[in-house]
Amino acid sequence: MEATVRTAASPDTLHRVADGVRAVTSQLTGRRRSRAEIPEVDEFPTGTRIYSPVTGAGSPLAPPV
């Protein structure tokens, strides 16, 4: 996320990278869980929360803790 907001790359480079991200993202196929559904990798309610926006290692929003 930091790279996306701090880059000084050209618009052409940004478009090329966006295309690449779409290609990689399309590989994440299959059923998608609902927002309220707890991920299988979480140890809910007292353990590790992989996608927590506060501390989750799987969340791009979580700051390094």
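The structure presented is a predicted model; accordingly, all values stated were derived computationally and were not measured.
Considering all non-hydrogen atoms of both residues, A62 and S52 come closest at CB-O, 3.7 Å. Taking both residues in full, the closest heavy atoms of P63 and V54 are given as CD-O, 3.3 Å, listed atom of the first, atom of the second, then distance. A pairwise comparison of heavy atoms in Y51 and P39 identifies CD1-CG, 3.5 Å as the closest pair. Considering all non-hydrogen atoms of both residues, A9 and T7 come closest at N-OG1, 3.0 Å.
Ion pairing between R22 and D19 holds under the 4.0 Å rule for side-chain N and carboxylate O.
With rounding to the nearest 0.5 Å, the separation of OG1 in T55 from CD1 in I50 is 9.0 Å.
Atom CZ of R32 has 12 or fewer neighbouring heavy atoms from other residues, nucleotides or ligands inside a 6.0 Å radius. Around CD of E37, the count of heavy atoms belonging to other residues, nucleotides or ligands within 6.0 Å exceeds 12.
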